[in-house]
Every structure is written in C-alpha cells, then in structure tokens.
Amino acid sequence: MTEYGPRPVDRRLPTEEARDLLTLVRELAEREITPTAAEEEDAGRFPREIFTLLSESGLLSLPYAEEFGGGNQPYEVYLQVLEELAAARLTVGLGVSVHTLACHALAGYGSEKQRAEHLPAMLGGGLLGAYCLSEPSAGSDAASLTTRAVRDGDTWTLDGTKAWITHGGVADFYTVLARTGVSGPRGITAFLVPGDAEGLSAAQPERKMGMKGSPTAQLHFDGVRVPDSRRLGDEGQGFAIALSALDSGRLGIAACAIGVAQAALDEALGYVASRRQFGRPVADFQGLRFMLADMATQVEAGRALYLAAARLRDADLPFSKEAAMAKLFCTDAAMRVTTDAVQLLGGYGYTADFPAERYMREAKVLQIVEGTNQIQRMVIARHLAGPESR
C-alpha cells in the first residue's frame with residue numbers, strides 16, 4: 001500500500017464494542033472470504049460454510065434481541081458490518097441481508113411462543129433463511145400476488161410459484177407471503193415455511209450477469225401444508241408486514257451497494273497509484289484525479305445517507321422515505337463508481353484478471369432488488385406529494 005493508496009474506512013461508531021466488532025468482521029472477511037471470492041463467483045459456488053461460520057460468530061443475528069440469541073446491535077452498526085461483508089463478496093453481504101429480512105416477520109410480528117420456538121435456531125443455529133414475496137407476474141406490483149393459502153382447520157395449504165428468491169433451494173426456512181382473502185394488499189398473510197416441507201421444490205437457479213455464487217430460483221408450492229402455528233401475525237396483515245420488512249431490507253441493500261462501491265474505489269486507487277504512462281504516474285493526470293474525487297464523494301455521501309436513515313430506525317422514528325432515498329442513491333452510486341473503476345483500469349478493467357469487472361456486474365442487480373429504483377422514486381414522491389390521483 002502506498003501513502004496515498006486505498007486504506008481502511010474511517011468509521012464513526014457509537015461504542016468501543018461496535019469498533020471491535022467491525023475489526024473482527026474485517027479480519028474475518030480478509031481471511032475467509034476475499035481470497036477465494038473471484039474464483040468461487042466464477043465457478044458459481046455458493047459458500048454455505050461461510051454462512052455457517054457467520055452464524056457461529058454471531059453475525060447472522062446482529063440487529064435482533066439478545067433474549068432470542070440476537071446480537072442486540074443498532075442498525076447503524078449492523079449495516080456497516082454488511083458493508084464490510086459486501087466489499088469482500090457481495091454474495092455474502094447480500095445473503096446476510098436477505099437472511100435478516102427473512103427473520104423480520106417472526107421477530108416483529110410473531111407471538112412470544114413462536115419467537116421462543118424458532119428464533120434462536122434461525123439467528124444462531126446455523127440455519128439460513130429466504131424471503132418469498134415476488135412472483136412471475138407480481139414483481140413491483142407485489143400486492144397482486146396469487147400464491148394462495150387455503151385454511152382447513154388448524155392447517156393451511158399453499159399453492160403457487162414464487163420468483164427471484166435469493167437462497168431459493170438452499171434455505172432452511174422461508175418467510176412466505178400468500179393470499180388468504182380478497183384481492184389486493186388486505187388479503188395477504190405471512191407464513192414461516194420449513195425448507196424441507198413436502199410439496200416445496202425449487203427450479204434450476206437463474207443464469208445471471210453477476211452474483212453467480214448466490215442461487216436465485218423460482219420456488220413451487222404444490223399442496224404445501226403448514227400448521228396455523230406457523231402463521232405470522234394476523235390473517236390479512238401480511239402485506240403490511242412485507243412493507244415493514246422491505247423498509248429495513250432497503251437499508252441492507254444500500255449498505256451492500258456502498259460496500260461494492262468502496263471495493264471498486266480501492267481497486268482503482270491501488271491501480272492508479274502504481275501505474276505509469278507517458279513517464280508519469282497515472283495518478284498525476286488531472287482527468288483521472290477528478291474521477292477518483294467524484295467516486296470517493298459518492299461513496300461517502302451514500303454511506304452518510306444510509307447511516308442517517310439507520311439512526312432514524314434506531315430511534316423508532318419513521319424512516320420509510322429515507323430508506324427509499326438511501327437505496328436509490330447508494331445503488332445508483334455503486335453503478336457509477338464501479339463503471340468508472342473499470343474505465344480507470346483501462347483494458348485491464350475489462351478482464352476477469354481484476355475484480356473491477358465483477359464489481360460492475362454485481363452493482364447492476366442492486367438497482368433492481370428490494371424494489372427497483374423506479375419504485376423507490378415513486379415511494380419518495382408519495383411522501384413528498386401524496387399518492388397519485390386515480
């Protein structure tokens with residue numbers, strides 16, 4: 001590392017405990033994740049053993065209550081952990097975010113009995129979760145989902161197909177949103193479905209531009225029977241639960257995006273600090289220096305934006321608009337920063353010998369998941385100007 005090359009992020013953390021936690025995460029990532037990230041992504045290998053290690057280390061439970069095995073950390077700290085993991089390998093960082101999202105409905109809306117029975121294993125027992133909202137014909141318009149749950153006494157039978165499910169086919173449990181009543185958002189209920197439930201199957205994973213190590217697949221529910229004791233919240237409350245989870249999940253995606261952007265910035269800084277052309281260091285050329293300045297500014301602005309939203313959440317204040325803003329800005333910034341990183345590396349940036357091209361491919365999906373950035377603009381505008389006229 002040169003004097004002016006990449007250096008660790010100078011984080012503002014609320015406690016010494018949080019600072020020690022971030023140091024632990026950075027060391028774990030450097031030792032266990034980064035060295036094999038490029039090779040495993042290229043091979044499309046899902047790093048289940050890494051998630052087992054994260055569970056054993058208490059890193060799959062950070063924002064949840066200590067009484068159920070959680071880490072009792074504020075979102076301000078949890079999101080910075082996600083950022084470090086995503087910088088090492090997005091498959092891991094986003095996977096932790098999805099697992100946290102999958103635990104949200106039970107932690108926030110489950111009964112005391114349900115939480116005591118299931119949360120400890122979900123948070124620290126080596127299990128991995130997935131979140132099932134989207135469908136082939138219900139993506140941005142999630143309230144039009146058609147997967148149906150029909151009640152027969154104390155049992156529900158689920159039929160339908162879910163799409164774009166991260167960890168589809170490898171998760172140990174799924175938080176599933178299904179229609180139990182009328183059309184629209186008021187007829188949806190949430191269920192906690194075991195990964196090995198009879199009648200539940202996964203299609204072949206999607207063939208994707210990036211994040212090839214993270215399986216994304218359709219899930220088919222063919223007469224899957226779930227006891228009423230696994231219904232989360234009230235009947236018809238599912239869509240409200242889903243929106244609540246997505247507000248927090250969008251902050252997770254924002255943090256992951258800044259992790260990828262930071263990794264790309266570091267790669268570009270390391271390259272221009274050592275590369276010489278026309279008898280001078282590449283870093284001496286003003287045009288490239290301005291690119292680096294813009295990249296660094298976008299990373300810092302994105303980090304500040306997601307942390308501001310997280311602090312609102314930690315204070316139990318409304319943060320839906322701010323979460324949408326953070327998701328929008330951070331993921332757009334990641335796309336710009338990773339594209340500029342490829343440009344700064346020139347021909348080398350376009351080769352798989354350097355990670356810049358992988359960062360660029362991975363950044364694209366972050367503008368799509370957890371609500372496209374067009375949907376984020378709609379959410380923000382509704383907070384500013386009210387709902388659209390019908």
Side-chain angles (χ1 to χ4, degrees), residues 63 74-76 79 97-98 100-101 104-105 107-109 131-147 162-164 175 177-190 232-258 298 301-336 364-390:
Y75 245 66
E76 174 186 4
L79 292 178
S97 181
V98 167
T100 302
L101 181 69
H104 180 276
Y109 298 87
Y131 184 75
C132 302
L133 177 61
S134 296
E135 297 182 3
S137 297
S140 295
D141 183 15
S144 67
L145 65 84
T146 59
T147 294
K162 293 293 182 180
W164 309 111
T175 295
L177 284 302
R179 185 162 304 285
T180 57
V182 298
S183 61
R186 296 183 180 179
I188 297 170
T189 302
L232 302 175
D234 297 330
E235 290 184 44
Q237 193 182 11
F239 196 68
I241 293 173
L243 292 183
S244 172
L246 287 175
D247 281 342
S248 297
R250 284 166 182 162
L251 292 182
I253 298 302
C256 286
I258 294 304
Q298 291 175 79
R303 183 176 292 123
L305 192 58
Y306 86 64
L307 286 174
R311 289 170 185 135
L312 288 176
R313 186 190 188 281
D314 290 334
D316 291 324
L317 296 172
F319 69 101
S320 180
K321 178 188 68 175
E322 290 77 9
M325 287 177 167
K327 197 275 182 182
L328 169 63
F329 182 88
C330 292
T331 58
D332 280 353
M335 195 71 246
R336 289 191 296 267
K364 184 63 213 174
V365 77
L366 298 175
Q367 295 177 301
I368 299 170
V369 296
E370 305 277 346
T372 67
N373 282 6
Q374 286 67 39
I375 291 295
Q376 305 313 312
R377 289 177 170 90
M378 290 173 61
V379 171
I380 296 163
R382 285 172 185 165
H383 280 278
L384 297 174
E388 301 90 337
S389 300
R390 295 292 182 182

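We number each residue from 1, following the sequence as shown.
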Original post:
With no hydrogens and no angle check, is any side-chain donor or acceptor of T189 less than 3.5 Å from a backbone partner on G236?
Top reply: yes

Subject >> Which residues share a side-chain contact (heavy atoms from CB on, under 4.5 Å) with S183, sequence neighbours left out >> reply: none

**OP:** Just jot down the ring-ring contact (aromatic ring centres under 6.0 Å, His included) partners of Y75, sequence neighbours excluded, or say none.
**Re:** Y78

Subject >> salt bridge (Lys or Arg N to Asp or Glu O under 4.0 Å) partners for R377, two or more places apart >> reply: D332

Original post:
Which atom pair, heavy atoms only, marks the closest approach of G249 to S97?
Top reply: O-OG, 4.1 Å

Subject >> Spacing of CG belonging to L384 relative to NZ belonging to K321, to within rounding of 0.5 Å >> reply: 6.0 Å

Subject >> salt bridge (charged side-chain N to carboxylate O under 4.0 Å, His left out) partners of residues 233-244, not counting sequence neighbours, each pair once >> reply: R151-E235

Subject >> With sequence neighbours excluded, residues passing side chain to side chain donor-acceptor pair (under 3.5 Å) with Q237 >> reply: none

Subject >> Residues that D247 engages under side-chain contact (heavy atoms from CB on, under 4.5 Å), provided they are two or more places apart >> reply: R250, F319, S320

Original post:
How far apart are the closest heavy atoms of C330 and A257, and which atoms are they?
Top reply: O-CB, 3.5 Å

**OP:** Apply side-chain contact (heavy atoms from CB on, under 4.5 Å) to T372 and list each qualifying residue two or more places apart in sequence or on a separate chain.
**Re:** S140, I368, Q374, I375

Original post:
Hey, what do you get for CG (L79) to SG (C256), rounding to the nearest 0.5 Å?
Top reply: 9.0 Å

Subject >> Check against side-chain contact (heavy atoms from CB on, under 4.5 Å), N373 and K327 >> reply: CA-CA 8 Å; N373 282 6; K327 197 275 182 182; 2.9 Å; yes

Subject >> side chain to side chain donor-acceptor pair (under 3.5 Å) partners for K364, two or more places apart >> reply: Q367

**OP:** Please report the shortest heavy-atom distance between Y131 and A245, naming the atom on each side.
**Re:** OH-CB, 4.0 Å

**OP:** For T147, check side-chain contact (heavy atoms from CB on, under 4.5 Å) against everything at least two apart and list the hits.
**Re:** E135, K162, A178

Subject >> Results of side chain to side chain donor-acceptor pair (under 3.5 Å) for R382 - residues two or more places apart only >> reply: E388

Subject >> Heavy-atom check, side chain of L246 versus side chain of L133, under 4.5 Å >> reply: yes

**OP:** Kindly state each residue pair satisfying salt bridge (charged side-chain N to carboxylate O under 4.0 Å, His left out) with at least one member in residues 303-314, sequence neighbours excluded.
**Re:** E76-R311, E83-R303, E300-R303

**OP:** Can you run down the salt bridge (charged side-chain N to carboxylate O under 4.0 Å, His left out) pairs that involve residues 236-245, sequence neighbours left out, and say none if there aren't any?
**Re:** none

Original post:
NE2 of H383 to CD of E322: how many Å apart, nearest 0.5 Å?
Top reply: 7.5 Å

**OP:** Please report the closest heavy-atom contact between F329 and R336, naming both atoms and the distance.
**Re:** CE1-NH2, 4.4 Å

**OP:** Indicate the atoms forming the closest heavy-atom contact of T331 with L366, along with that distance.
**Re:** CG2-O, 3.1 Å

**OP:** Over all heavy atoms of both residues, which pair between I188 and A142 is shortest? Give the atoms and the distance, please.
**Re:** CD1-O, 4.5 Å

Original post:
What is the distance from atom CG of L328 to atom CD1 of I253, rounded to the nearest 0.5 Å?
Top reply: 13.5 Å

Original post:
Does the side chain of T146 reach to within under 4.5 Å of the side chain of S137, using non-hydrogen atoms?
Top reply: no

